Amino acid sequence: MTIEKCINEYAASEMIFEEGSTGRELFVVLNGKVDIVKNSGADRTVIVTLGKGEFFGEMAVIDGSARSASAVAAIAGTRVMRINHARFVYLVSQQPAFALMIMDALSKRLRASNAVNFRTAAP
């Protein structure tokens, strides 16, 4: 598969993937911005906005679970590259720096989530 077939362009507010959907792909922002969004009834909360060089969808590509949030193009002309599970496994096995980058990002995201979800009263 050529690299061009792995690149998609989105209009502003266009859904890249929906919370609860299944998918075995990781996405890298090539240009533009992507909002990672949690929906709760009519409420929609932007968890984070990602820009060029940042990635999302890594949890589903690793464990095959349903998407934990939605990804929406924040601005017109947002371009992302899809990395499927087979390519991801290849990159992790052949490029230790790639694997470390994924682990670093997962660790930071988990710490940020813990800070929000498990705040304790200051002594």
Side-chain angles (χ1 to χ4, degrees):
M1 178 184 308
T2 63
I3 197 81
E4 291 79 20
K5 290 182 180 174
C6 297
I7 296 173
N8 294 90
E9 186 167 325
Y10 296 90
S13 301
E14 191 174 349
M15 185 75 63
I16 298 169
F17 61 71
E18 208 165 347
E19 181 176 350
S21 66
T22 56
R24 295 297 302 254
E25 297 170 313
L26 163 80
F27 298 82
V28 179
V29 181
L30 298 178
N31 63 300
K33 295 196 177 299
V34 174
D35 287 336
I36 304 301
V37 177
K38 286 289 279 184
N39 293 312
S40 178
D43 294 335
R44 178 176 147 168
T45 304
V46 175
I47 299 169
V48 66
T49 300
L50 303 173
K52 183 177 181 176
E54 295 183 289
F55 60 89
F56 57 98
E58 71 283 349
M59 293 192 310
V61 82
I62 291 169
D63 67 10
S65 61
R67 303 284 187 187
S68 62
S70 297
V72 180
I75 62 174
T78 293
R79 292 174 66 228
V80 300
M81 180 172 57
R82 292 177 286 112
I83 299 175
N84 67 22
H85 183 258
R87 173 70 62 189
F88 176 80
V89 170
Y90 174 80
L91 287 170
V92 166
S93 68
Q94 299 298 312
Q95 300 290 330
F98 176 78
L100 288 170
M101 179 186 73
I102 298 291
M103 287 188 283
D104 182 66
L106 283 170
S107 177
K108 286 177 179 163
R109 291 174 185 178
L110 180 58
R111 287 181 190 280
S113 177
N114 285 345
V116 169
N117 294 317
F118 302 106
R119 281 194 190 118
T120 55

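Not measured: the values here are computed from a predicted model. All values below come from the heavy atoms of this structure, side chains included, with hydrogens, waters and symmetry mates left out.
In this structure, Asn31 CG and Ile75 CD1 are separated by 7.5 Å, a value rounded to the nearest 0.5 Å. Atom CD of Gln95 and atom OH of Tyr90 lie 7.5 Å apart (nearest 0.5 Å). With values rounded to the nearest 0.5 angstrom, Met15 atom CE is found 4.5 Å from Ser70 atom OG. Atom OG in Ser65 sits 8.5 Å away from atom CZ in Arg24 (nearest 0.5 Å). Glu14 contributes atom CD, which lies 9.5 Å from atom OG1 of Thr78 (distance to the nearest 0.5 angstrom). In this structure, the separation between CD on Glu54 and CD1 on Ile36 is 9.5 Å, given to the nearest 0.5 Å.
For the side-chain contact (heavy atoms from CB on, under 4.5 Å) with Phe27, the qualifying choice from Val80, Leu50, Val61 is Val80, the only one to do so.
In this structure, Arg82 fails the cation-pi test against Phe17, since its NZ or CZ atom is not both closer than 6.0 Å to the six-membered ring centre and inside 45 degrees of the ring normal.
Note: the hydrophobic cluster containing Leu100 does not contain Phe98 (ILVMFWY, side chain heavy atoms under 4.5 Å, direct or indirect links). Taking hydrophobic clusters as Ile, Leu, Val, Met, Phe, Trp and Tyr residues chained together by side-chain heavy-atom distances below 4.5 Å, Val72 does not share a cluster with Ile47. Following chains of ILVMFWY side-chain contacts shorter than 4.5 Å, one cannot reach Val34 starting from Met81, and the two form parts of different hydrophobic clusters. Placement of Met101 and Val28 within a single hydrophobic cluster is found when ILVMFWY residues are connected by side-chain heavy-atom separations under 4.5 Å, directly or transitively. Hydrophobic cluster membership is shared by Leu26 and Leu106, with clusters built from Ile, Leu, Val, Met, Phe, Trp and Tyr side chains linked at under 4.5 angstrom.
Looking at Lys38, its side chain does come within 3.5 Å of a backbone N or O of Ser68 through a donor-acceptor pair. Judged purely by atom type and a 3.5 angstrom limit, Asp35 has no side-chain atom pairing as donor or acceptor with the backbone of Val37. Remark: the backbone N or O of Glu25 is not paired with any side-chain donor or acceptor of Arg87 at under 3.5 angstrom.
Contact detail for Gly20 and Ala66: the closest heavy-atom pair is O-CB, 3.6 Å. Nearest heavy atom pair, residue Ala74 against residue Ala12, reads O-CB, 4.3 Å.
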### Task
Using the side chain to side chain contact (heavy atoms under 4.5 Å, CB included) rule, take Phe88 and Ile62 through it: C-alpha gap first, then chi angles, then the decisive distance, then the call.
CA-CA 8 Å; Phe88 176 80; Ile62 291 169; 3.8 Å; yes

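Using a 4.5 Å cut-off on side-chain heavy atoms (C-beta onward), Ile16 and Phe56 make contact.
Shown here is Glu19, whose CD atom has more than 12 heavy atoms of other residues, nucleotides or ligands within 6.0 Å.
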